[in-house]
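Keep in mind that what you see is a predicted model, and the values were worked out from it rather than measured. Hydrogens, waters and symmetry mates are skipped; everything else that's a heavy atom, side chains included, is used.
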Amino acid sequence: MTGTMRYLGIALGVVVIVGLVLVPMNFNRYGLFILSQWAVMTIAAMGLNLTLGYAGQVSLAQGAFVGIGAYAAAIMTTQGAPLIAALVVAIILCFAIGWLLGYPALRVQHHYLAFVTLAFSTLAFLVFRNEEWLTKGIYGISNIPRPHVFGFATNRPLPFYYLCLGSLGLVSLAMWWLIRSPWGRAFLALRENPIRALSLGIDTRRYTLMAFAIGSALGGVAGTLYAPLTQYIDPVPFNLSLSLDLLMMVIVGGAGFFFGPFLGAMIAVLLPEWLRFTQGYYLMLYAIAVILLLIYSPTGILGILDRYLSERRTKTASALRAVAPSRLETAP
């Protein structure tokens, strides 16, 4: 049964990937924009999932790192630099700032840490808005060019969507490797019991800083794609609401599950669009749907599936234990 489920999962994954590649070919500009936004927000949510879901460190600053990456891309590409150079700068900058932001996590935890990251998010927003010499303030940065990738222009919606989808695929492979590496197991140990992890020889200080730094760097990657996607940025999209939206994506999808950010971003980005037929009520219905989901399953959508599979494994194990004595009695 385990092998069958594994093959079914692989087949489902192949179908989804093929669908994401082929189906959008018939979409209009707005549909491609929404799908590109889903891919970008999924990358940012994956970074927060590493920090929160795997390492257990609360952060309300992920939106600020998306903003840092977006402004790095906007400033550099409008001055003629290639997007790949802006990506490198954004990753290094967000990694360094995330590492520094991880130091308060060594002394405070839970809601106290949330307040610290909230303060940083507010500080970043004020820099975006007030430092006009760098960010142009409330006037924003416009005419952000889209890159050429291996000689192919991505200025049209479909090629740029494929760029976002390909970036999501590369980030997903890197994250898959990371969480199954010794680093990933150390992050899980840090989340479950920091004291026990320390007693086992895990450098909890270093892994706490790494969780913040890597998660923040992924926020910078998302921001680097967000700037050419919208081709105009100002401080408004990078206020606290973006960090809260990313937090909701992780929790609704399932914190600590690999595919949680994919589903969470789909709910946050696509569900409001699907509910627009209700006109002025779509945001109310969206909020009610999220509330009911979290009441029923605080561990998110994938938490429901995980609970079902756990109960099924428990019943199977109980049935095998019940059959075992009868087999022993009938043995010659």
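- Under a cut-off of 6.0 angstrom, the local environment of CG in N28 is crowded, with over 12 non-hydrogen atoms contributed by other residues, nucleotides or ligands.
- Note on V40: it does not cluster hydrophobically with V236, by side-chain heavy-atom contacts below 4.5 Å among ILVMFWY residues.
- One N or O on the side chain of R191 and one on the backbone of G53 form a donor-acceptor pair closer than 3.5 Å.
- Within the model, atoms CZ of F152 and CG of L163 stand 13.0 Å from one another, a figure rounded to the nearest 0.5 Å.
- Summarising the geometry, atom CD1 belonging to I251 is positioned 12.5 Å from atom CD1 belonging to I301; distances are rounded to the nearest 0.5 Å.
- Screening T154, N155, T224 for a side chain to side chain contact (heavy atoms under 4.5 Å, CB included) involving P147 leaves a single residue, T154.
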(request) Could you walk me through whether L52 and N49 pass side chain to side chain contact (heavy atoms under 4.5 Å, CB included), step by step? (result) CA-CA 5 Å; L52 173 65; N49 190 39; over 6 Å; no

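- Closest approach of Y103 to L209, counting heavy atoms only: N-CD2, 3.5 Å.
- Grouping the Ile, Leu, Val, Met, Phe, Trp and Tyr side chains by contacts below 4.5 angstrom, directly or via other members, places F27 with M25.
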Enumerate donor-acceptor pairs with a distance under 3.5 Å from any side-chain N or O in residues 69-89 to protein atoms, sequence neighbours excluded.
from : atom 1 : to  : atom 2 : distance (Å)
T77  : OG1    : A73 : O      : 2.5
T78  : OG1    : A74 : O      : 2.6
T78  : OG1    : I75 : O      : 3.1

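- Side-chain atoms of T230 come within 3.5 Å of backbone N or O of Y226 as a donor-acceptor pair.
- Heavy-atom minimum distance, A197 versus T204: CB-CG2, 4.1 Å.
- Without hydrogens or angle criteria, Y161 side chain to L35 main chain gives no donor-acceptor distance under 3.5 Å.
- Grouping the Ile, Leu, Val, Met, Phe, Trp and Tyr side chains by contacts below 4.5 angstrom, directly or via other members, places L22 with L20.
- The structure places OG of S181 at 4.5 Å from CG of L178, a figure rounded to the nearest 0.5 Å.
- Looking at residues two or more places apart in sequence or on another chain, you find a ring pair (Phe, Tyr, Trp, His ring centres under 6.0 Å) between W176 and F258.
- Side-chain contact between S121 and L60 is absent, with no heavy atoms from C-beta onward closer than 4.5 Å.
- Residues V66 and L246 have side chains in contact (heavy-atom distance under 4.5 Å, counting atoms from C-beta outward).
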(request) Kindly determine whether F262 and S172 satisfy side chain to side chain contact (heavy atoms under 4.5 Å, CB included), including the steps that lead there. (result) CA-CA 10 Å; F262 293 82; S172 300; 3.2 Å; yes

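- Looking only at atom types and distance, the side chain of E273 has a donor-acceptor partner in the side chain of Y30 under 3.5 Å away.
- Residues S167 and I43 form a side-chain contact, since some pair of their non-hydrogen atoms from C-beta on lies under 4.5 Å apart.
- One distance of note links CD1 of I267 with CG of L263; it measures 7.0 Å at 0.5 Å rounding.
- Distance check: S216 OG to I97 CD1 gives 8.5 Å after rounding to the nearest 0.5 Å.
- Side-chain contact between D306 and F257: present, with at least one pair of heavy atoms (C-beta onward) separated by less than 4.5 Å.
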(request) Let me see the working for T42 and M266 under side chain to side chain contact (heavy atoms under 4.5 Å, CB included), right down to the final yes or no. (result) CA-CA 8 Å; T42 300; M266 185 179 297; over 6 Å; no

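- The distance from the OG1 atom of T299 to the CD1 atom of I304 is 7.0 Å, given to the nearest 0.5 Å.
- The shortest heavy-atom contact between P159 and A153 is CB-O, 3.7 Å.
- Between the side chain of Q62 and the backbone N or O of G215, at least one donor-acceptor pair lies under 3.5 Å.
- Surrounding OH of Y112 are at most 12 heavy atoms belonging to other residues, nucleotides or ligands under 6.0 Å away.
- Side-chain contact between M41 and L242: present, with at least one pair of heavy atoms (C-beta onward) separated by less than 4.5 Å.
- Atom CZ of R156 sits in a sparse spot, with 12 or fewer heavy atoms from other residues, nucleotides or ligands closer than 6.0 Å.
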Distance-only donor-acceptor hits, side chain of residues 123-131, under 3.5 Å, sequence neighbours excluded:
from : atom 1 : to   : atom 2 : distance (Å)
N130 : ND2    : L126 : O      : 3.3
E131 : OE1    : W133 : NE1    : 2.7

(request) Go through the steps to decide whether L244 and M248 satisfy the test side chain to side chain contact (heavy atoms under 4.5 Å, CB included), and finish with yes or no. (result) CA-CA 6 Å; L244 295 177; M248 187 195 70; over 6 Å; no

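- Between F212 and F95, the gap from one ring centroid to the other reaches at least 6.0 Å.
- You'll find the side chain of D234 stays beyond 4.5 Å of the side chain of Y139, heavy atoms only.
- By the 4.5 Å heavy-atom criterion applied to side chains, F187 and Y207 are counted as neighbours.
- In this structure, R307 is positioned above the aromatic face of Y296, its NZ or CZ under 6.0 Å from the six-membered ring centre and within 45° of the axis.
- V269 approaches I34 most closely through the heavy-atom pair CG1-O, 3.8 Å.
- Although no hydrogens or angles enter the test, the distance criterion places a donor-acceptor pair under 3.5 Å between the side chain of T117 and the main chain of L113.
- Taking each heavy atom of G102 and T208 in turn, the nearest pair found is O-CG2, 4.3 Å.
- Contact check for L198 versus R205: no side-chain heavy atoms found under the 4.5 Å cut-off.
- If you chain together hydrophobic residues whose side chains sit under 4.5 Å apart, L173 and W183 never meet in one group.
- Cluster membership for V18 and L158, using ILVMFWY side-chain heavy atoms within less than 4.5 angstrom, is shared.
- Annotation for I233 and A227: closest pair CG2-CA, 4.1 Å, computed over non-hydrogen atoms.
- The backbone N or O of P145 sits nowhere less than 3.5 Å from a side-chain atom of Q231 that would complete a donor-acceptor pair.
- Checking side-chain atoms of R146 against main-chain N and O of L229 turns up a donor-acceptor pair under 3.5 Å.
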